[in-house]
S.K.: 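Supplied in structure tokens, the structure appears directly below.
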Amino acid sequence: MRVLISGVTSDLGRAFARAALGAGHELLGVGEEAHPDLPPGVTFTAGDAATAESLVAGTDVVVHLSPVERDVPGSGGIPALRRLSTAAARHGIRFVTPIVHGPDASDADKVVRDSGSQHVVIRTAPLGGRMLDWQACRTVATLLTAPKDTQWRLLHHDDLVRFLLHAVTSDRVGVVALAAPDILVAGAARDTLRGVAARGIPAWPAMSTSDRKGSARDWGFECGWSSEDVVADLARGARGRKLTKDGAESIPVLLPIPAHVLPRRRPPADGTTLTSVALPSMAVEMDDRIDPRYPVFAAQQTAELFPGSLTPLSIDVHTAGLRAAGRTLAQVLGLPSAVADEWASRGHAVFGHHLYAGVSALAAGPPPGWFERTVTDQLIGPRADADLFPLERPARRGIAARVSAWVRFAGMVRRYRASVRDFAATSAGERTADLATLPDGALAVRALLLRDRLAEGWTLTQLGQFVAYFTGAPLRKRAKADIAALGRGVDVEHEPVYPAVAGLAELLSADDELRALAEWGDVEAVRQKSPEFGAAFDEVLARIGHRGPCEIELSGTPFRQRPELVFAAALGAARRPKPEPEPGPAPETAEPKPEPAEAAPADSDTPGATPADAEKTEEDTAKSTPDTPARVKRTMLEKLAISGRRQRDTAVDATVRYTDELRGIVREWGARQVHAGRLVDVDDAFYLTLDELLTPPADALRRIERRRADRERLRQVRMPAVVSGSWRPEAAVDPAQEGKQLHGFGVSPGVVEGLVRILSDDRAEVEPGEVAVVRVADAGRTALFGPAAAIVTDLGGPLSRAAVVARELGIPCVTGARDASARLAPGTLVRVDGTTGDVAVLSPAPMSMHRSPTR
């Protein structure tokens, strides 16, 4: 359907345009001037009501979203409403417009009815929600100033957009009263909005709360938000924003929840043409195009969270969050407009259904404490030699801009811990219990809220990455000289999955009969024999049930739905040989007590310490063995780095929790669409974008079939770790022969020999003494490492999940070994040196065990 939208660049207009494009409509849009966040699929024309009037002919529906109130941004007033409704009547085209509750509503209603058009007039209650445009700000002012006993019905922006889509495709005409079903008392709303200020913002006049004739229920529509929920969402959106009469202004250093979805494939503001980076035979619909001025992308930092091929729904939801994170951080750092646009649009990009981080974009505007070499070391690796700016090198910011960035960045960092704590607490308490009982409207708007929550989570995660790296320089410097210095200081406490599995493994190891029973693989039998284990198992599932292999992928299956994976991981860890007892301590001999130091050096951490003492660790007094790795004493900066990483991982855990809830909503919604005959299978839901899923377009099944075929074809392709202007599939490699050495980075000391076990899927288990080899280890895979003798990964660094767990286990680990998972066939005998980073092939695997690499 061809739809003309006036006022398309307003907050409401952009939200409706995005949803209408998802529903498969062809859109023409008119606004005062172009907006950078307008979806690229809208054919935009800058102009006024006269311009819009000239475009009416040839459309199927006109949706007039320009406000009629004269004192608000983008208002066309009553004259614009009259011109467009009359033009629609002249051409026999349906005319749809929401008339917001206000002083000019009655006049606007009469103008449309007198025009003679086939009209749908939506008389809305006061609007609200986290988007906080001028209408929502006026609603906040009303609730804060109205007498406490005043009763109100409200309406959420999400429900208005949903009804507009409903009205566009409906044959019905007339006047509709659209409001949430419940009545809200202003006094209760004021309690929810405590701390929110709305000074100088005009209020709405009082409205009737009666259920008027012509309600949305007569059209078969139900609001997903109650009035009480609308106020809660107003409070959610007001955090970190300043309310004005023209709409809320974000304060980036306060990290507000993103309220707008930034479009994918948005061209640069200066008109630079985006280019494809894939061979024609490899190009697919979900690929991003790149700005040739910023051509280098890498999977080093993204692969741990996004280890595999993503479905279109995961691409849509998570990259929207990463774009929002890029915009927020670019605003805080005060980046030049071109670089800021790159951070917000292509700071992360998708090639071949895999996610990559923009190396050139980050190097063009590095955060405080980062330099170009820092970026390449983190995102590509210390061996990197990439041409980040083949066309032109971005101009460096002046000293004043850099100082301002430092100040803003420091201000945001000071609030970071509290922001993460609040986000984590909200993710644990905001979950909807029984999705099956929710009506369609409530399910749909919950999915939209979760999309914005995920954007908030990715913002906190990205900031945590910067904080952890900035404060971690001393820790990295120590590790370069002696990898053992990492010890267990960067320990496993912030890694959520492994400690939970290790606790279950200890219960099994402590009882030989229970362990023998567990070997049969019957978790219920183990529960019956040991209520203690059963209670611990239930507690673990409650704590990490939302995690699992490929946990960010929405079509994945978390531990909650596959508890047998947790049980198998615990059993595997219990099979690990027990360490030999340490020799008893030698008899103590009397020694003279040392004289106390006269004074502490100025740069010492401990009173009375000498310079040598400042560098001592617990390794000086406690022997480190493979089974009892030493815990290393940390300096203050090192502790800050570890704390920053823990906060980052807390943000990741909460983000995964929200992802898991969205996964449940998508499956429930998909089942309902299958029942309605719009989809064939529940898993089809993961091959649509969120907007497409909530209002499936007419060609939805064809889109699903095409995207599924693209993804399946590309899953057989081994993607490169770095994309520089273009990419080709990694060439097939032969298994490494006897005597061959692979090289990576030693991140956990020790030397062992063992047979290779390739962890190519989430079901692979490691037997005691085997060397676990994997492309990259996400949280779910680290649970499988318990019985391993050593760990080797293609990607990763000294603070990757595999490295952290390996140091906790006291086993050698080599990361960044590039193509080890492709060149080491299962059953190959290798020697792993976790200090030098060398993996030597001692004996090739039998030919029957060779396999061809797939990813």
S.K.: Restricting to side-chain hydrogen bond (donor to acceptor under 3.5 Å, both in side chains), what partner residues turn up for Q647, sequence neighbours left out?
M.R.: none
S.K.: Hey, could you give me the CD1/CZ distance between I544 and R657, rounded to the nearest 0.5 Å?
M.R.: 11.0 Å
S.K.: Please step through side chain to side chain contact (heavy atoms under 4.5 Å, CB included) for the pair V656 and I552, ending with a clear verdict.
M.R.: CA-CA 6 Å; V656 174; I552 293 298; 3.7 Å; yes
S.K.: Under 3.5 Å, is there a donor-acceptor pair between the side chain of D710 and the main chain of V284?
M.R.: no
S.K.: Can you measure from CD1 (I758) to OG1 (T828) and round to the nearest 0.5 angstrom?
M.R.: 7.5 Å
S.K.: Could you give me the CA-CA distance, side-chain angles and deciding distance for R289 and T275, then say whether side chain to side chain contact (heavy atoms under 4.5 Å, CB included) is met?
M.R.: CA-CA 5 Å; R289 294 177 178 270; T275 61; 5.8 Å; no
S.K.: Quick check against the 3.5 Å criterion: does Q462 have a side-chain atom that pairs as donor or acceptor with the backbone of G326?
M.R.: no
S.K.: Kindly say whether F371 contributes a backbone atom to a donor-acceptor pair with the side chain of T374 at under 3.5 angstrom?
M.R.: yes
S.K.: Find the distance between CD (E342) and OG (S360) and round it off to the nearest 0.5 Å.
M.R.: 8.0 Å
S.K.: Taking salt bridge (charged side-chain N to carboxylate O under 4.0 Å, His left out) as the definition, give me every residue that meets it alongside R707, ordered by chain and number, with sequence neighbours left out.
M.R.: E285, E692
S.K.: Measure the spacing between OG of S748 and CD1 of I791 and express it to the nearest 0.5 Å.
M.R.: 8.0 Å
S.K.: Would you indicate whether the side-chain heavy atoms of F559 and V540 approach each other to under 4.5 Å?
M.R.: no
S.K.: Please determine which of E712, R711, E553 meets the side-chain hydrogen bond (donor to acceptor under 3.5 Å, both in side chains) test together with S309.
M.R.: R711
S.K.: Apply side chain to side chain contact (heavy atoms under 4.5 Å, CB included) to the pair F351 and V277, showing each step before the final yes or no.
M.R.: CA-CA 8 Å; F351 310 125; V277 299; 3.4 Å; yes
S.K.: By side-chain contact (heavy atoms from CB on, under 4.5 Å), which residues pair with P787, not counting sequence neighbours?
M.R.: V766, P768
S.K.: Quick one: list whatever passes side-chain hydrogen bond (donor to acceptor under 3.5 Å, both in side chains) with E770, sequence neighbours left out.
M.R.: R757
S.K.: Test D660 against R663 for salt bridge (charged side-chain N to carboxylate O under 4.0 Å, His left out), laying out the working first.
M.R.: CA-CA 5 Å; D660 183 49; R663 177 185 294 120; 2.9 Å; yes
S.K.: Determine whether L329 and F466 make a side-chain contact, defined as any pair of heavy atoms from C-beta on separated by less than 4.5 Å.
M.R.: yes
S.K.: I'd like to know if the side chain of D778 and the backbone of C550 have a donor-acceptor N/O pair within less than 3.5 Å.
M.R.: yes
S.K.: Say whether, by atom type as modelled, one donor and one acceptor occur between the side chain of D833 and the main chain of T836 under 3.5 angstrom.
M.R.: yes
S.K.: Could you list the residues that satisfy ring-ring contact (aromatic ring centres under 6.0 Å, His included) with F306, not counting sequence neighbours?
M.R.: H318, W458
S.K.: Who are the ring-ring contact (aromatic ring centres under 6.0 Å, His included) partners of H353, not counting sequence neighbours?
M.R.: none
S.K.: What closest approach, in Å, do P307 and E304 show between heavy atoms, and which atom pair accounts for it?
M.R.: CD-O, 4.2 Å
S.K.: Looking only at atom types and distance, does a side-chain atom of R775 sit under 3.5 Å from a main-chain N or O of T793, one as donor and one as acceptor?
M.R.: no
S.K.: Using every non-hydrogen atom in the two residues, find where A363 and L388 come nearest and quote the distance to one decimal.
M.R.: CB-CD1, 3.6 Å
S.K.: Just jot down the side-chain contact (heavy atoms from CB on, under 4.5 Å) partners of S843, sequence neighbours excluded, or say none.
M.R.: L829
S.K.: With rounding to the nearest 0.5 angstrom, report the OH to CE distance, Y356 to M719.
M.R.: 3.5 Å
S.K.: What I'd like to find out is whether the side chain of T659 reaches to under 4.5 Å of the side chain of L454, using heavy atoms alone.
M.R.: yes
S.K.: Can you tell which of I315, L305, D288, V350 makes a side-chain contact (heavy atoms from CB on, under 4.5 Å) with L355?
M.R.: V350
S.K.: Calculate, to the nearest 0.5 Å, the distance between atoms CZ and CG belonging to R547 and L565 respectively.
M.R.: 14.5 Å
S.K.: Among all residues two or more places apart in sequence or in another chain, which pass the side-chain hydrogen bond (donor to acceptor under 3.5 Å, both in side chains) test with R575?
M.R.: E519
S.K.: Heavy atoms only: give me the nearest T782-A802 pair and the separation to one decimal.
M.R.: CG2-N, 4.4 Å
S.K.: Testing the basics here: between A820 and V792, what is the closest heavy-atom pair and its distance to 0.1 Å?
M.R.: CB-CG1, 3.9 Å
S.K.: Can you list everything that forms a ring-ring contact (aromatic ring centres under 6.0 Å, His included) with W343? Sequence neighbours excluded, please.
M.R.: none
S.K.: Where the side chain of S314 meets the backbone of L310, is there a donor-acceptor pair that is under 3.5 Å apart?
M.R.: no
S.K.: What side-chain donor-acceptor pairs closer than 3.5 Å can you find for residues 722-730, not counting sequence neighbours?
M.R.:
none

S.K.: Could you check whether D683 pairs with R708 (Lys NZ or Arg NE/NH1/NH2 to Asp/Glu carboxylate O, under 4.0 Å)?
M.R.: no
S.K.: With side chain to side chain contact (heavy atoms under 4.5 Å, CB included) as the test, would you mind laying out the steps for Y687 and M286 before giving the verdict?
M.R.: CA-CA 10 Å; Y687 290 86; M286 302 308 295; over 6 Å; no
S.K.: Tell me every residue that passes side-chain hydrogen bond (donor to acceptor under 3.5 Å, both in side chains) with Y294, counting only those two or more places apart in sequence or in another chain.
M.R.: none
S.K.: Can you tell me if R807 uses its side chain to pair, donor with acceptor, with the backbone of P798 under 3.5 Å?
M.R.: yes
S.K.: If only atom types and distance count, is the side chain of Q301 paired as donor or acceptor with the main-chain N or O of Q378 below 3.5 Å?
M.R.: yes
S.K.: Looking only at non-hydrogen atoms, find the nearest pair between I811 and A788 and report the distance.
M.R.: CD1-O, 3.6 Å
S.K.: State which residues pass salt bridge (charged side-chain N to carboxylate O under 4.0 Å, His left out) with R831; sequence neighbours excluded, sorted by chain then number.
M.R.: E753
S.K.: Could you tell me which non-hydrogen atom of A505 sits nearest to which non-hydrogen atom of A573, and how far apart they are?
M.R.: CB-CB, 3.6 Å
